[in-house]
Protein chains: 2
Amino acid sequence: MPRHRITQTDVAAMAGVSQATVSFVLNGSTPSGVRISEETRQRVLDAIRITGYAANPAAQRLAGGLTQILGVFTYEATFPRVSQDFYGPFLVGIEHAAERLGVDILLFTSARVVDGRRRLTRDGWQRLGVADGCLLLGQHEDRGELQHLLDTNYPFVFIGKRGSDGNRLPYVGADYVGATMRQVDRLAALGHRRIGYMGMRGTDQPTLDRVEGYRAAMRARGLTARFVELDDLADAAAEILAQRLTAVVVAPENYPEELADELELRGARVPDDVSVLLLGQPHHPRRGGRRWSGFCVPREEMGVRALHLLSRLVAADGGRSDREGRRTPGVPDAELHQILACPDVEGATLARPQADTLAAPRAETLAQPHADTSRTDRRDRTDRTDRTDRTDRTDRTSRTDRTTEDRTESA
Amino acid sequence: MPRHRITQTDVAAMAGVSQATVSFVLNGSTPSGVRISEETRQRVLDAIRITGYAANPAAQRLAGGLTQILGVFTYEATFPRVSQDFYGPFLVGIEHAAERLGVDILLFTSARVVDGRRRLTRDGWQRLGVADGCLLLGQHEDRGELQHLLDTNYPFVFIGKRGSDGNRLPYVGADYVGATMRQVDRLAALGHRRIGYMGMRGTDQPTLDRVEGYRAAMRARGLTARFVELDDLADAAAEILAQRLTAVVVAPENYPEELADELELRGARVPDDVSVLLLGQPHHPRRGGRRWSGFCVPREEMGVRALHLLSRLVAADGGRSDREGRRTPGVPDAELHQILACPDVEGATLARPQADTLAAPRAETLAQPHADTSRTDRRDRTDRTDRTDRTDRTDRTSRTDRTTEDRTESA
DNA sequence: TCAACGTGATGATGCGCATTATTAACGCGG
DNA sequence: CCGCGTTAATAATGCGCATCATCACGTTGA
């Protein structure tokens, strides 16, 4: 048994050339004034075929070449538990794309968790090096780390839109803004006018986008934006009824299932009395739970696209850092930021509003256990200020700040 | 920005020692007559801490060291789509274990598919090399490839019991035999006597084990083994009723959901008239489908255990092939083959047999659309011959061949 | 006084490949 | 006959690390 794996030197010997020549043939030669005659080229190629030579990735990488290994790193404390997790489906897409691309996937499961999120420090950096490039998942990325990636010109792609200073960061995101607008439109088309929004806390990009979409769509229809945001779901349900909302859109992380329970507990049926549209897939689908209407984030597709993009970046980069500071021909800027559409989902939580609700308020007939009507949420604007740092957003038609409008409404 | 990543040489310079010394300190020095005084050791350690040095995996690997990267290879044509697939849950467990172990996971998604299964030829071999060791998934392993792994002393662990010449192959499997026996016992304990088995085709290990368990348990209770195996599920359902079986155990790949449909179509309720126990998790769970009784394979746990075992093998091996042919102290043989218990699942498809069924046959009252009663399956022994090559099985109490018994029964 | 030995560390080498610098052979005009 | 440009290929180097063979320097025992 050839304990000694076949190397370029072996191939070279068989072809009667030098190791360097083999390397040149394998890599298209071009680098400097090196030429290989078509004849020897064929000889080498034959030798490779006969010996079944295959490059040693470690050696390739050490010498500055490419490995055909792409990495996946996540900022979340726990690595995508491939299905239970929100991030799981991305991995599925990534795997799929990797198969087609013929690359291997390296999961950086070893990165240490510090302060509830994974860090890319120290050993992290070095480990990244085995891969030609890396996919980044999760919300809580670290500025310093990113800067380092940028500085070293290490190819990477984010999964999930990057708002702040996003034009520097390649990403594949989902069109939360547009999809949310469509949900409002669906409701409006059925006759809904009092449409609420639940779940606007958090400064993560999806939430910001959903809120933006909601605001824009409501405004476009001349409707009033109403935010329901209470710590307690029971209170929230009460508030929805108190405000005589006929529909709410809600982000999936806000326990829609439980919200519906609370609503029905108070005599309001879903969707007959209150339609509920989910702005994404349910996070913890209940066994035999509702089939939610709303939209779904094409997570697998995002994974696929992200890996393809990364693959292109790597190819463009040639894996080497550019010594002259000038970028290789590379990838057109348009592809650097991809926003994928989120298709609507036809579920069982969307219905026409009740006729009487349309005509006149009769919410009083609905039970309001311990609802404090005057307690309209005032927190819906607390973090409005942070929108200022998002002005450098790239695409999406810019929407003016409608803070004042909201303020008058939510009183 | 230090484009030049920190190397052992840098650390050495700071500590005022040679690069070799740094390497020794990092690896516990021992190799030959090398000694490092505690003082310099500390000096080096400090330098490492200060510089934040971390080894370059590619270089380590090239020089014959370990990478802390463990690979996952699958023989299936498609890589475990991390949840839809049967193999998905294993990956989840593997990820989990990897996090705790502090290793990275390399998915060999690039291996080419030949003849419907992935191959480890050529480039495959080399790519394996980046990882310290590798987990193997799937049924259709190739002899030649395994032999090569064995020859090169490359550390690997199978997920799933390996019957044929299993003592040479480290694996983590599930106790299909025992679990299947328990299912029969559950049924018998409720009063079932006419218990059938469906889904015995195939020579994969799980199937062999299930059949073995069924046979053993039936025999232990003095009951008659009855195999139902028809190409058409409708026929199978008819056969079950014709034979007046009050219960069947069925492997999950045999469309239990559809079988139940067919049974009920013929007026036999599940489980009231026929109990159905599933020998594993359902493969394609239907939305709002039955909650199956039976047992479940602890797939995540298997993934975890497998990775742990692999990790130990790697550590024992030192990553180097043994030049003298003698194994490193290593892992006790007992751990090389792990069989995990499959806990019972309490579902809704198990019930006491009908009183009248117990007393006297009255199957005639049940509809038998186009059942050919005389058509007892004769195929249930066609591949019995291949059991001969399994005589070298390791653990599990050996069970004598009961072919004759079955033959008399199935007439 | 010197060989024998233990201690603490270093220099050199090679893993397999990419790449740069250099060489060899050849044709050709002056 | 020499210098020059062109083509075709090679030698040499280094990536970062593990390891083997050595070496310098005491300490002992005879």
Side-chain angles (χ1 to χ4, degrees), chain A residues 3-13 15-44 48 51 53-68 123 125-127 129-130 318-321 323, chain B residues 3-13 15-44 48 51 53-68 125-127 129-130 132 318-321 323:
Chain A
R3 137 95 60 266
H4 170 76
R5 303 198 282 206
I6 297 156
T7 74
Q8 287 190 350
T9 312
D10 300 326
V11 175
V17 297
S18 71
Q19 174 265 317
T21 303
V22 176
S23 178
F24 289 138
V25 168
L26 283 168
N27 305 357
S29 72
T30 33
S32 71
V34 178
R35 341 225 123 213
I36 307 286
S37 71
E38 184 54 29
E39 190 217 318
T40 48
R41 221 181 77 84
Q42 279 307 328
R43 210 139 31 82
V44 170
I48 288 176
T51 58
Y53 164 82
N56 175 331
Q60 277 181 285
R61 197 56 190 172
L62 188 58
L66 295 180
T67 342
Q68 302 297 60
D123 35 318
W125 292 122
Q126 289 280 21
R127 302 193 75 82
V130 220
R320 300 308 246 131
S321 36
R323 31 199 89 252
Chain B
R3 139 91 64 261
H4 171 76
R5 302 198 283 205
I6 298 157
T7 74
Q8 287 190 350
T9 312
D10 299 326
V11 174
V17 297
S18 71
Q19 176 265 319
T21 304
V22 175
S23 178
F24 289 139
V25 168
L26 283 167
N27 304 356
S29 71
T30 34
S32 72
V34 177
R35 340 228 123 207
I36 307 287
S37 72
E38 185 54 29
E39 190 216 316
T40 47
R41 222 182 76 84
Q42 278 309 328
R43 211 140 31 85
V44 170
I48 288 177
T51 57
Y53 164 83
N56 175 332
Q60 278 182 283
R61 196 59 190 169
L62 188 58
L66 295 180
T67 345
Q68 302 297 61
W125 291 122
Q126 290 280 20
R127 303 193 74 83
V130 217
D132 296 337
R320 298 311 246 135
S321 37
R323 31 198 89 250

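Just so we're clear, the structure is a prediction, and the values are computed from it rather than from any experiment.
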Set of residues satisfying side chain to side chain contact (heavy atoms under 4.5 Å, CB included) with respect to A:T67, sequence neighbours excluded: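 Only A:P57, A:R61, A:I69, A:D132 meet the side chain to side chain contact (heavy atoms under 4.5 Å, CB included) criterion with A:T67.
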
What nitrogen or oxygen pairs link the protein and nucleotides 10-12 of chain C at under 3.5 Å?
| from | atom 1 | to | atom 2 | distance (Å) |
| --- | --- | --- | --- | --- |
| C:dT10 | OP2 | B:S18 | N | 3.2 |
| C:dT10 | OP2 | B:S18 | OG | 3.1 |
| C:dT10 | OP2 | B:T21 | OG1 | 2.3 |

Take atom [atom1] of [X] and atom [atom2] of [N], then tell me their distance rounded to the nearest Å.
{"X": "B:E38", "N": "C:dT7", "atom1": "CD", "atom2": "P", "value": "15 Å"}
{"X": "B:R43", "N": "C:dG8", "atom1": "CZ", "atom2": "C1'", "value": "11 Å"}
{"X": "A:R61", "N": "D:dC17", "atom1": "CZ", "atom2": "C1'", "value": "17 Å"}

Spacing of B:Q19 atom CD and B:Q8 atom CD [to the nearest 0.5 Å]: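 It is 5.0 Å, given to the nearest 0.5 Å.
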
Hey, does the side chain of [X] come within less than 4.0 Å of [N]'s phosphate (OP1/OP2), counting only N and O?
{"X": "A:S23", "N": "C:dA18", "answer": "yes"}
{"X": "B:S37", "N": "C:dA9", "answer": "yes"}
{"X": "B:N27", "N": "D:dA18", "answer": "yes"}
{"X": "B:Q60", "N": "D:dA18", "answer": "yes"}
{"X": "B:Q8", "N": "D:dA18", "answer": "yes"}

Flag side-chain contact, heavy atom, 4.5 Å: A:T51 against A:D10: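 No, too far: nothing below the 4.5 Å cut-off.
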
Heavy-atom pair with the smallest gap, counting every atom of A:I36 and A:T40: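 The answer is CG2-OG1, 3.3 Å.
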
Heavy-atom pair of closest approach, residues B:V11 and B:V44: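 So the minimum-distance heavy-atom pair works out to CG1-O, 4.1 Å.
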
Under the side-chain hydrogen bond (donor to acceptor under 3.5 Å, both in side chains) test, which residues partner [X], sequence neighbours left out?
{"X": "A:T21", "value": "A:S18"}
{"X": "A:Q60", "value": "none"}
{"X": "B:Q68", "value": "none"}
{"X": "B:T9", "value": "none"}

Nucleotide of D:dA8, D:dC17, C:dC17 approaching A:R35 most closely (side-chain heavy atoms):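 Ranking D:dA8, D:dC17, C:dC17 by closest atom to the A:R35 side chain puts D:dA8 first.
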
Closest nucleotide among D:dT7, D:dC17, C:dG16 to the B:L62 side chain: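 Nearest to the side chain of B:L62 among the choices is C:dG16.
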
Toward the 5' end of DNA chain C, by each residue's nearest nucleotide, A:L26 or B:R41: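 Result of the comparison: B:R41.
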
Five-pair end axes of the helix from C:dT1-D:dA30 to C:dG30-D:dC1 and the angle they enclose, rounded to 10°: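 For the helix from C:dT1-D:dA30 to C:dG30-D:dC1, the axes at opposite ends meet at about 80°.
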
Touch class at under 4.0 angstrom, heavy-atom based, for B:T40 against every strand present: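 Since only primed, P, OP1 and OP2 atoms lie under 4.0 Å of B:T40, the category is sugar-phosphate.
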
